[in-house]
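Not measured: the values here are computed from a predicted model. Indexing begins at 1, ligand by ligand and atom by atom, following the structure's order. Every heavy atom of this structure was used, including side-chain atoms; hydrogens, water molecules and symmetry mates were not.
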Amino acid sequence: LRTRNLTAFAAGLLALFCGLFWAAASPDENPFGPEKPKAQQALTASMAELGIKKGEAPFLVLTNAGYGQLGGRSTEAFLDLAADTTGRTMGTRSLLPVHTAMDEPLWFSLYRPDTHRLVFITSQGPDFKTQFIDAHPDKLLTPEGWKAAASGIIGNKRLFSVASISLTWAEKPAWPLLLAAAFHDHFCPGLNSGYFAAEYLKKKLPLHTGEKYVFVAAPSKCAADAVQVMFNATAGKEGTYGMNIAKKDWQKYFSQGTSPALIAIKVNGEADTCEGVVLGMNWKQAYEDTGVKAEEHAPKNGPQNPLFWTSRVKMSKRLASMPLEKQMGYLQEVQKFSGKASLAKQVAAGDPYQATVKK
Ligand SMILES: [Zn+2]
């Protein structure tokens, strides 16, 4: 009896050990979950439909793999699945992970630049649904074309992100600008202006040893995301501050047709100095050069109106394809200033708690 008990004890211990080992090992052994074959099948079928083969003529793959979720699990493994199935890679600028919220379902898009055909694949429960879109600018960037595409599973917001990045990618923008768009989750004129400002600063207010940029975005807009990516000047490291300010309050500093881009401050902590510039973006000129009208950017009914989205995609595409000199030419130095290092924090200071106190 005693021997039998001991054997049972040993077997139990072994089972427990194996169980523990299995639990520890399983995330690595099947990082995809049960949906892998369906995801692979959706990608392969879409490539066949678009007439593209792994390793052939360039096409772009976008995905929120690594950010989004599938069945409540994280999706980083699907970045490798997308690369393995399509042959696209980050190193060839043909696979970009697009930043989304962690609770957004996993999705992929494929875009073929020569035919402008685009496919959007998204997980819905355990399945994958597919939508084909004619992304030719003459079709998609019309009110009817946009409305039709946005009424599918992709929806307005995700169509904006996928179409703006895909169509602008075809213009071969600089890599830092592509990276910024992937972080910002879309291409827009404002993000472009942040990239222009970054390049402008590299030329006109370059950093030397021991110096770093501090940015103040007031109001806090798209340009702030470009500089956070390009200089690793993140909000969490006191690199970029976003502030709210009413149009009537900033307008007095800027000339007609120019809006705030960024306040850029070069700080030298050791020398206790800073040098700053208020940069404005000449949107009036940018509208003229790209043929997009200011009214299209703020149409009746706002985002309910397809013009709101199509004008932004059109303008991003055109701005991103311009030579760097022209891009930087849209920036205006509205104000220059200098002082002690602490001035940077002073520029960014405010009291947000004031409004939270019960009166
Ligand atoms: Zn934006």
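No side-chain heavy atom of L319 sits under 4.5 Å from any side-chain heavy atom of D289.
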Contacts table for residues 45-58: side-chain donor-acceptor under 3.5 angstrom, sequence neighbours left out:
| unit_1 | atom_1 | unit_2 | atom_2 | d |
| --- | --- | --- | --- | --- |
| S46 | OG | A42 | O | 2.7 |
| K54 | NZ | D84 | O | 2.6 |

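Between E295 and K300, none of the side-chain N atoms (NZ, or NE/NH1/NH2) sits under 4.0 Å from a carboxylate O, so this pair counts as no salt bridge.
Counting only distances under 2.8 Å, and ignoring water, the protein N, O or S atoms around the Zn ion (ligand 1) are H184 NE2, H186 NE2, C188 SG, C222 SG.
Of the N and O atoms on the side chains of Q332 and Y200, not one donor lies less than 3.5 Å from an acceptor on the other residue.
Aromatic ring pairs are classed by plane angle as parallel below 30°, tilted from 30° to 60° and perpendicular above 60°; the pair F32 and F78 is perpendicular.
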Run the ring pair (Phe, Tyr, Trp, His ring centres under 6.0 Å) check on Y241 and F215 step by step: do they pass? CA-CA 6 Å; Y241 297 88; F215 297 99; over 10 Å; no

